[in-house]
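Take a look at the structure below.
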Amino acid sequence: MKEIRLHGLGGLGTVKAGEIIVYASVMEGNYGNSFPFFGFEREGAPVVSYVRLGDEPIRPKNQVYKPNCVIVLEPAVMNAVDVYQGLKPDSVLVLNTTHTDIDKFDIPPTVKTVALVDATKIAMETLGRPITNTTILASFAKATGWVDCKYLKDRISQLFGEKNVDAFDKGYELTKVIEIH
Amino acid sequence: MKEIRLHGLGGLGTVKAGEIIVYASVMEGNYGNSFPFFGFEREGAPVVSYVRLGDEPIRPKNQVYKPNCVIVLEPAVMNAVDVYQGLKPDSVLVLNTTHTDIDKFDIPPTVKTVALVDATKIAMETLGRPITNTTILASFAKATGWVDCKYLKDRISQLFGEKNVDAFDKGYELTKVIEIH
Amino acid sequence: MSRVDVLNGNQAAAIGASLARPGVIAAYPITPQTPIVEYLTQFKVDGKIDSAMSEVESELSAMSVLTGASLAGSRTFTATSSQGLALMYEPYFRASTLRLPIVMAIVNREMISPQTLWGGPQDSLTIRDAGWIQIYVEDNQEILDMMIQAYKIAEDKNVLLPINICYDGFYLSHMSERVEIPAQELVDKFLPEYEPEHIKLDPKKPMAVDPLTSGYLLMEYRYRHLAAQQEALKVIEEVDKEYADLIGRSHGGLVEEYRCEDADCVVVTMGSMSGAAKEAVDIKREEGYKIGLLRLRVVRPFPSKRISEVLKGKNCFGVVDRNVSFGWNTGILYQEVNSAMYRHGGDVPSVPFIGGLGGEDVKIEHFLHAIEKIYEGAADGVDCEQTIWLTNER
Amino acid sequence: MSRVDVLNGNQAAAIGASLARPGVIAAYPITPQTPIVEYLTQFKVDGKIDSAMSEVESELSAMSVLTGASLAGSRTFTATSSQGLALMYEPYFRASTLRLPIVMAIVNREMISPQTLWGGPQDSLTIRDAGWIQIYVEDNQEILDMMIQAYKIAEDKNVLLPINICYDGFYLSHMSERVEIPAQELVDKFLPEYEPEHIKLDPKKPMAVDPLTSGYLLMEYRYRHLAAQQEALKVIEEVDKEYADLIGRSHGGLVEEYRCEDADCVVVTMGSMSGAAKEAVDIKREEGYKIGLLRLRVVRPFPSKRISEVLKGKNCFGVVDRNVSFGWNTGILYQEVNSAMYRHGGDVPSVPFIGGLGGEDVKIEHFLHAIEKIYEGAADGVDCEQTIWLTNER
Amino acid sequence: MKAIDLVSKTEELISPGISACVGCNVELSLRVVMRVLGPNTILAVPPGCMGGVGVVGWDMKSGAKVPVFFPLLDNPASMLAGIKLHYDRLGEDVNVVAFAGDGATVDAGFQCLSGAAERGDKIIYICYDNEGYMNTGYQRSGSTTKGAWTSTTPVNKEGIGGKMQNKKDFPMIMAMHDIPYMATANPAYVQDMVNKIEKAKQVDNGLAYIHIFNPCITGWGVKSEESIEVARLAVQSNFAPLYEVENGNFKLNMNPRNPKPVKEYLQKIKKFSHLTDEDIEELQADTDKKWNRLVNLASL
Amino acid sequence: MKAIDLVSKTEELISPGISACVGCNVELSLRVVMRVLGPNTILAVPPGCMGGVGVVGWDMKSGAKVPVFFPLLDNPASMLAGIKLHYDRLGEDVNVVAFAGDGATVDAGFQCLSGAAERGDKIIYICYDNEGYMNTGYQRSGSTTKGAWTSTTPVNKEGIGGKMQNKKDFPMIMAMHDIPYMATANPAYVQDMVNKIEKAKQVDNGLAYIHIFNPCITGWGVKSEESIEVARLAVQSNFAPLYEVENGNFKLNMNPRNPKPVKEYLQKIKKFSHLTDEDIEELQADTDKKWNRLVNLASL
Amino acid sequence: MKFKSKYIVPVGADGIYEIDTGKWRTERPVMDKDKCIECGICAMYCPVFSIIKEDEKYIITYDYCKGCGICVHECPKDAIDMIPEEGK
Amino acid sequence: MKFKSKYIVPVGADGIYEIDTGKWRTERPVMDKDKCIECGICAMYCPVFSIIKEDEKYIITYDYCKGCGICVHECPKDAIDMIPEEGK
Ligand SMILES: Cc1ncc(C[n+]2csc(CCOP(=O)(O)OP(=O)(O)O)c2C)c(N)n1
Ligand SMILES: Cc1ncc(C[n+]2csc(CCOP(=O)(O)OP(=O)(O)O)c2C)c(N)n1
Ligand code: SF4
Ligand code: SF4
Ligand code: SF4
Ligand code: SF4
C-alpha cells in the first residue's frame, strides 16, 4: 500500500487532486481512497489531503501519518507547515517550485526521489489561473509511476476540460525528476 | 384500608368529592389517596373516581376494583354503569335517589349498609344548581363514620364556600341510613 | 412552619419548585403536565413567587429560554411530558453538555403513536442517554421532596448537570394524597443561592460560550461529563441524607430496597406501580415466598454497582418495565440491569416483564403473577428469548 | 450495466437512494450531510430521477413531509446529521410507531456541545430506542449497497419499519473510494414497488390514521412493533443473501466476523474505524496473538444472540466505542454487548474503550494498544469501574 | 353553493356524534368546511379540541368518513405537504386539508406552515381561532386577545392579571407570505365561509389559508345559545374583520357602516369581565388602527 | 452617532481577524452593529457564516470581546429571551442581541422569533439576509430570490432550474407582528444602519428587529470589490427598500426618485445569469407591486 | 398475546365512532311550525346539523341534538322554544 | 486523562481568537494621499475596519486587510489603487 499526503491552499484543488489519483488507480483495476483533513479553518488556510493506493481493497480510513509520497501544490505552504513530516524511507517528494535544484530544500534523508516543477507558471500560462492541481498530478505520475497517465487525463478532462489536459501534458514534460542516492 | 368508588357525571364534582374525603382523613392524622379514572370520553360521560383510606400510608395507586363503599352522585349513572361491581362483603352503598326505599334497587348481597338521599333536590334548593357532591359527602359520612364531618366541612368551606356547608348539613340531616341484615 | 396538605402530584411539583425560588420559569402546556404551569402562573399573579415567567410557543422554546436564563446565571424550572419532551430534544441534549443545572419535572406519558394521553416513562427513558440526571419517584411526597433536592444535586460543584424528576402521568399527577410541605425557611437553609462559576454570559466578565471545539478538547469535556455523572451517584445519596437530617424524610438515595435483605428472589420496579408491587411482596411473604423488591430511583447515572450488590447471590430476579426497548424485545430497565449484573460479575437468572403501557393499570395481581414466574425461573431456568407481558384482557 | 466509479460516501448514498426510485424526498442541509441533498437536487434538475422534492425549512419538517408522503403511499428518502436528527426527534419516533418504511441516511456527527462539526455516532445511538432499525456501515460500497437493501428490509411485510443507514461523517462522507454501482435494471428486479396495505391515507379507501387509543390496544401495537424488530433480524440476513445472489456482494448481515473463529480474544468495533482495527488485528496476529474482530453492523434490532455466539467461550473481549453513555461511564455499545452476554449466559471478562469522539482519528496504534489491554484483561481480570480512553495527546 | 342548501344538498362527513361542547361553533365550522370540500379530501386534525372530541376516532373506529389523521401539534402543514407531493406526482387531485386550532397554527406549528406557504405547497390550511389551548384547559396562545383571562394568564383577587400582550395578527402575517389565497371567516357568516372554502378549493398554485374566528363558549365563558351572536359581534365591531387577499389584492367582505363598539362584544364574554374602561378603550383604539390599515390596503 | 465617526470613536469588539470571505459585507455589518451597540452587549451568533468564521471563537479562545455564544440554528430568539428575563428580573440593563443569518431567522428559527415577538421579549434581533445557507455551501433559504441558482436549486445545461418560489417578505412579516420597532438596513447605507441600531437599542417595550440585506459575494458570484455596490443597487432599484416601522407606523428611509431597473442589480450577480428576459420582467413587476404597497402603508 | 385489534398499526377502519350526544340534552328545542317561515337559518347554525330539510320543511331530529339553544336564539321569527327534557 | 483545557465546559476565555488575515492578500490597497480628501468613505466600508484615522488622516493598516478592493471601488476620488502583493 502506498500512502500519499497532499499539501495545498484553499482553492488550488488539493482535495480533487487526491480523488483523481484514486480514480486512476481504480480504473486500472486497483484500489485507493482519498479524503481531506477535516479541520476548522477555511479560506486561505493550508489544506491537507490524503491518498492511499493498493492492489487490494484499502481498509484504513485514518489520516496518513507516514506517507510514501508528499505532494506540495503551492510553495508558500512550506513556510507554514512541516510538509516532510513522517516521510517513509525511500519516499517521493513532488514540489511545485520555481527552483530547479534540490539544494534549496531541507530534504529529509528518507526521501529517495524528488520531482520539481513550476506548476504555478504552467497553470498561469495554460489556464490563466494559478490552479496547480492538474499540472502537479503529471509530476506525481512521472516521479512515481504509480498510476497510469491515461486515466489521470481521462478524469481531468471529464472534470475540468481539455485545457487542463494541456496543463497536465506540459507539467509532465517540464517536471524534473531527481533521484537521491 | 377502606376502598371507595364514586360514580358521577361530568360537572358534578365527583373527583373533588374523593379529594375532600382524603383531606378529612389526613387532617385526622390518617392517610388516603384519591384519583379519577383516566378515560377518554369527556362531557356527559360517566365519571369514576377512587379513594383509599387507612391509618398507615397508602401504597397502591391502582384503580379500586373491590370497594368497601360505593357512592353514586347522580341516579342516571346507574342505568349506564354497573355501580355495584366488585362490592366487598359488608360494604356501604351511598345513593343519590328520589326513592326512600331500597326495594327499587337490585342491591347485591355483599352490601350491609345503604344510605339514601335526594341530593339533587337538596342541591337545587340550597345552591340553585344540581351539583351534588357536597350533599352526598354528608350521606357518606353519616353512613360510614369513616371520616370526621368537621374536616369535611372545613374543606368544603375552603373550596366552595358556606352555601355548600349548608348543603352538607341538610344532606346529613335528610340521609336515610338502612342496615341490611 | 412546615404543614400538611392533600396535594395531587402536579401541585406537589409546582409547590416543590416554588420553594426553590427559581429565577426563570418557562413551560408549555401538555396533558398531564398542564396543571403545573397553571399553578405556577397562579402563584405568580398571587405574588407567591417572584420568578420571571415565559409562556412560550412550544417546548423547544421552553428549554431554549431556560438554557439562556441558566447561562445568564438564573436558577430555572420547567416541566413537560411525552411529545413536549420529544420536541425539545435538541436543546435538551445541549443543556446537559453545557452543564447547566436546569431542573425539569417530567410527567411521564406514553409516546405516540398510537395516539394516547396516558402514563408511562417511555418518553424520558428513550432519551436517557442525553446526559441528564434522571430520577423516578413513587409518590407525591417524593415528588415534592425531590423537586427541592434536585436543585441541590444539580448545582453541586462536582455535578453541575441538569436533572429530571420523573413521575407517572395521572397515576401521580392526578392522584391526591397527604403531602408534608416544608417551611420556606428550612428550604432556604437547605438550598443556597445558585452562583455559576463554570459558565456565564455576563458583560462584566465576557467569555465565549461553546466556541467551535477540536475533537481532543471535546473528549476532555465528555470525560468530565461522565465523571460528573459518576460523582452524582455519591451526591444523590449525600443530599438524601442531608435532607433527612434537616427536614426529616429520606427516600433511599439511589435505590429503595424493600425486604431484600433475606430475600432469595427480587422483583425490580420503578415509579408509582411500586406501591402495588410492595403489597404483592407482602402477600407473597405471607405465603412463604422470601421475595424482596428493589425500586430503581435513579436511572442516570445508572447505579450499576449498587444494583448488583442487591441482586448478587439471589436465586432469580425479574424486572417489570413500563416501557419497551424496541430493539431488545424487553424493557429498557431489564436490559440495563442485566448489563449491570454482567459488569459486576453477578450470575443470577433474570426474567423480563412488560406491563402498564399506555396507562394500563399494573395491579397487585400482575405482581403476584410476576413473582410466581420469578420463582419458576429460579427453579427451572429462564427462556432468554421470551418476555412476559402483563396485560389486562378486555 | 453495473459500473465502477470513485465516489465519496455522500455520493454513494445519493446514488444508492436514487436507484431505489423514491417518490418523495425532503431534506435539510447540515454538515457533513449537505452534499447528499445537493447531489439529489442536481439529479432531479438533470432529469435523472423523477422524485418529488421538497427543500424544507428544518429537519422537523423534513421528517414530517416524509411521514405524510409515506402515509399517502410513497417510497421516501431523507438524510441528516447530529443536530438535524435531534430536531426531528418527535416525528422520528412517530414514524416508527406508525410503522412507515422511511429510509434515512444518517451521516454521523458528534452532538454539540461542545460546538463541533466532526464525526461520531453519538447522534443516532442516543436515540436508538425510538423504534427504527439502525445499521452502521464501514465503507462507501457498503453505503450504496445498504441504501438499496434498506428499502427491501424496511418494506418487508413482516417488518414495515423505518430504517437508518448510518455512516461516519467525513471519514466516509468525504472520503472517495472505489464503488461499484449496480445497474438500474438489477435494482428494479431486486426491489419491487412499494404498495402499503397496513396504513394509507386515500380518499378511495378512507381510514383514520392513529385515532386516540386505549392502553390495552397500545400494548398490542407495541408488542407487534417489538416482534417486527425481531423479525428484522432474520430479514436483514435474508436480504443480504438475496442481494449477494443478484448483485454479487454480501456485507455480513447482522455482524461481520473477522478472524474470530479461532480467536481467544475479540475486539468489538463499529463503523469506519473497523478498517484500522482489522489492520491492527493482522499485525497482532503476526505477533502471535489469536485476536479476532467483531464488527457490529446492526444496532437496532440488537443481535444479542448472534453477538453472544461469537463472544462466548473467549478469554476476554473489548468494545471500542466512538460515543459515550453518560450515565454508565462507558460507551453505549459496551453497555449493550454486556447485556447481551448476560442474557445469553456468557461469562467473558470485558474491557470498555472510548475513542474517536468529535472526529478524533482512531488509529491503528490505538487498536494495537486496545488489544494489549484486552489480553491483560484476559490474564489479570478487569477493573469493572474503569474505562480506557484512546486519546491523541496534543 | 348557497349556505342555506348545505343542510339539504351536501353530505355529512364527520361523525354525527362528537363530544364537542354543547353549542360549540368550531364543530359547526368543521361540519361546514367538510360539507363544502366533499369526500375527495384528506383531513388533518392536530391535537386540540377537535381531535380531542373524537374527529379522528377512537380505538379501531374513525370519526370521519374521509381519511383523517392526527398530525403532531407542530407539523400539520409539513405532513400535508408530503401527502400532496405524493398525489401531485401521481397526477391525482385530492383536497389536502388541515383543520387546526390557533395553538397548532399560530404557535407550535407556525414554522411548518410558514415554510409550506413559502414553498407553495398546494394545501388548504384552515385555522379555527378560539384564542387559546382549549383541549388542555384554556391556556393562553399567541392569538389570545390582550387582557383576556386564561388559565396561564390568571387574574388575581384584585382583578390584576390577564394576557399582557397583543393578539398576534395572524391573518395579516399569512397575507404577507404572498400566498395565492388568504381569507378570514366567521361562523356567524356561513355564506361567506362557504364562498371562501370554495375559492380555497380552486387554488392550484400554492397554499390557501383560511382563518376562522371561533369564540369558545366554554373557555371564554359565553352562553351556549349566544355562540353565534358573539362571533357576529366580533365582525360587527371590526374586532375580527372579514376580508380576503387574492394574489396580493386585499378585499373587505364586510364593511359595517356603523361599527358597534368593541365593548359590546367584550361584555358578552366572561374572560374579559375584569377589564377596566381604559383596557377597553385601548382595545377599541387598536381595533380602529388595524381597521384603518386594512381599509387602506384594500384601497390599492 | 455619525457613521463616519465609527472608525475613530468606537471600539472594535469583534476579533480583528476572522475568516470571512475577502470583501464580505456581512463582516462589515457585524462590525458596525457591535461598534454601535458597545460592550454592554451579549451576542448570539447562530450556526452560519459568522459563527463559522470564528466570531464565537475556537477551542479556549473567544472571537469577541463581549460575551458571545452559539444558539442553536433554531432557537436564537428563545435563548436571548431567557437571558433577558434573567437580567430584567435583576434590574440590570444589557443589550441582548442576535446576529443571525436568514436561514436561522426566516426558516429554522422563525417560530422562536415569532413567539418572542408576540410575547414582547425585550431583545434585539438582527438578521443578515444573504439569501441562503452560506455556511453549508449556499443552499436555498426561504429568503432566496425567485429564480436564483443555489446548490439546492441548481440550473441544468439547458438553463432550466433555479428557485421556483418568491422570496419570503420577511421584514413585512415581522412588521405585522406589531413589534415596537422593525427596520430594514443595507451595508451600503451605513449611516442609516447606525441610526436604526441606535433606535433598536432604545426600545424597551418589546422586540426590535432589523433586517440587513447582505449580498454574499462568494455564494452569489459577485466581485469582491463590488460587494457594496451590489448592495446599493438593491436599494436604488427598490428591490430591497429601506424602511422602518415604529409602533405600527411605516416610514420610507429612501425613496429613489428614478429607481433603477431591477435588471441593473441582477446583472451584477452570477446566480441570476441564466434568467430570461421574462424572468427579469416578472421580478421587476413584483418589485413594483411591493413598492406600491409599501408607499401606500407609509402614507397612513 | 391475544389481539383485539386486527390491525398491526393504529388505524381506525371499523366504522364510525359516534357518541350518543342526544343524551346530553337537559332541554330540547321545539319548533312552532305556525311561526316558522322555512328560512333555514336554524339549520345553518346548528352545530351538529341536527335540523334537516324534508319535503321542503325544516325539522329537528333529536338523535344528536345537544340542546345548545342556538337555533332558538338565531331564529328570526322566535319559532323555536326550549322546553325541559323529560326525565331530567 | 491529561487535560489541556482548564475549563470543565466548553468556554473560550483565554483571550481572543484571531486569524492572520493579512496573509491572505494577493493585492494590496495603496492610498494616494495627494488625491485623498479625508472623507473617510473607504474606512466606513472596509469590512475589517483596517483603515483607521490617525491625526485626522485616514491610513490603511495592513495587519488584517484581506485585499478585497472595496476601498478602491468606493473611493469617490480614485485615491486608492490595488497593487500586487510582494512575493505573490
Ligand atoms: C409538542 C406538543 N406539545 C404539547 C401538546 C399538548 N397539546 C395538545 S392539544 C394542545 C392545545 C392545542 O391548542 P389549539 O391548537 O389552539 O386547539 P384547541 O385545543 O384550542 O382546539 C396542546 C398544547 C402536544 N400535543 N404536543
Ligand atoms: C438543526 C440544524 N440543522 C442544520 C444545521 C446546519 N447548518 C449550520 S449553518 C446552516 C446555514 C445557516 O444559514 P444562514 O442562517 O442563512 O446563515 P449563513 O450561513 O448564510 O451565514 C445550516 C443549515 C444546524 N446547525 N442545525
Ligand atoms: S372547549 Fe371551546 S372550542 Fe373546545 S369543544 Fe368546547 S366550545 Fe368548542
Ligand atoms: S460565504 Fe458570503 S456571507 Fe459567508 S463569509 Fe463569505 S461572503 Fe460572507
Ligand atoms: S338546540 Fe342546538 S344542537 Fe339542538 S337543534 Fe338547536 S342548534 Fe342544533
Ligand atoms: S482592501 Fe478591503 S480589507 Fe483592505 S483596506 Fe481596502 S476595504 Fe479594507
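Every chain is numbered from 1 and lettered A, B, ... according to where its sequence line falls, protein lines coming before strand lines.
In the displayed structure, Lys53(G) atom NZ is contacted under 6.0 Å by more than 12 heavy atoms of other residues, nucleotides or ligands. Residue Lys199(E) qualifies as enclosed at atom NZ: its count of foreign heavy atoms under 6.0 Å is above 12.
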Inset, instruction - Give the C-alpha distance, both sets of side-chain angles, the deciding distance and a yes or no for side chain to side chain contact (heavy atoms under 4.5 Å, CB included) between Phe99(E) and Met34(E). - result: CA-CA 10 Å; Phe99(E) 193 79; Met34(E) 287 307 298; over 6 Å; no
Legend entry - Working for side chain to side chain contact (heavy atoms under 4.5 Å, CB included), residues Ile18(E) and Thr21(G): CA-CA 7 Å; Ile18(E) 58 173; Thr21(G) 51; over 6 Å; no
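If you measure heavy-atom distances from Glu229(E) to chain G, the contacts under 4.5 Å come from both the backbone and the side chain. Proximity to chain G is limited to the side chain of Glu12(E), based on heavy atoms less than 4.5 angstrom apart. Of the atoms belonging to Lys65(E), heavy atoms from both backbone and side chain fall under 4.5 Å from chain G.
Residues of residues 59-72 of chain G having a heavy atom under 4.5 Å from any heavy atom of chain E, listed by number: Tyr64(G), Lys66(G), Gly67(G), Cys68(G), Gly69(G), Ile70(G). The interface of residues 7-16 of chain G with chain E, defined by heavy-atom distances below 4.5 Å, comprises Tyr7(G), Val11(G), Gly12(G), Ala13(G), Asp14(G), Gly15(G), Ile16(G). Residues of residues 256-269 of chain E lying under 4.5 angstrom from chain G, judged on non-hydrogen atoms, do not exist here.
A donor-acceptor contact closer than 3.5 angstrom links the side chains of Glu131(E) and Thr145(E). Neither side chain, Thr105(E) nor Tyr128(E), offers a donor N or O lying under 3.5 Å from an acceptor on the other.
By the 30° and 60° cut-offs, the orientation of the rings of Trp220(E) relative to Phe272(E) is perpendicular.
In this structure, CE in Met134(E) is found 4.0 Å from SG in Cys216(E), a value given to the nearest 0.5 Å. Taking NZ from Lys196(E) and CG from Asn253(E), the interatomic distance works out to 3.5 Å, rounded to the nearest 0.5 Å.
Tyr45(G) pairs in a side chain to side chain contact (heavy atoms under 4.5 Å, CB included) with only one of the listed residues (Leu28(E), Asn25(E), Val32(E)), which is Leu28(E).
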Let me check something: any side-chain donor-acceptor pairs from residues 37-44 of chain G under 3.5 Å, sequence neighbours excluded? List them with distances.
unit_1: Glu38(G); atom_1: OE1; unit_2: Lys33(G); atom_2: NZ; d: 3.3
unit_1: Glu38(G); atom_1: OE1; unit_2: Tyr58(G); atom_2: N; d: 2.9
unit_1: Glu38(G); atom_1: OE2; unit_2: Lys33(G); atom_2: NZ; d: 2.9

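Residues Leu233(E) and Phe239(E) are not in side-chain contact: their nearest non-hydrogen atoms beyond the backbone lie 4.5 Å or more apart. Between Ile212(E) and Asn186(E) there is no side-chain heavy-atom pair separated by less than 4.5 Å. Looking at Val45(E) and Val68(E), their side chains come closer than 4.5 Å, going by heavy atoms from C-beta outward.
For Glu74(G) and Arg232(E), the salt-bridge test passes: some basic side-chain N is under 4.0 Å from an acidic carboxylate O.
The residue among Pro187(E), Ser224(E), Ser62(E) with the most heavy atom pairs within less than 4.5 Å of chain G is Ser62(E).
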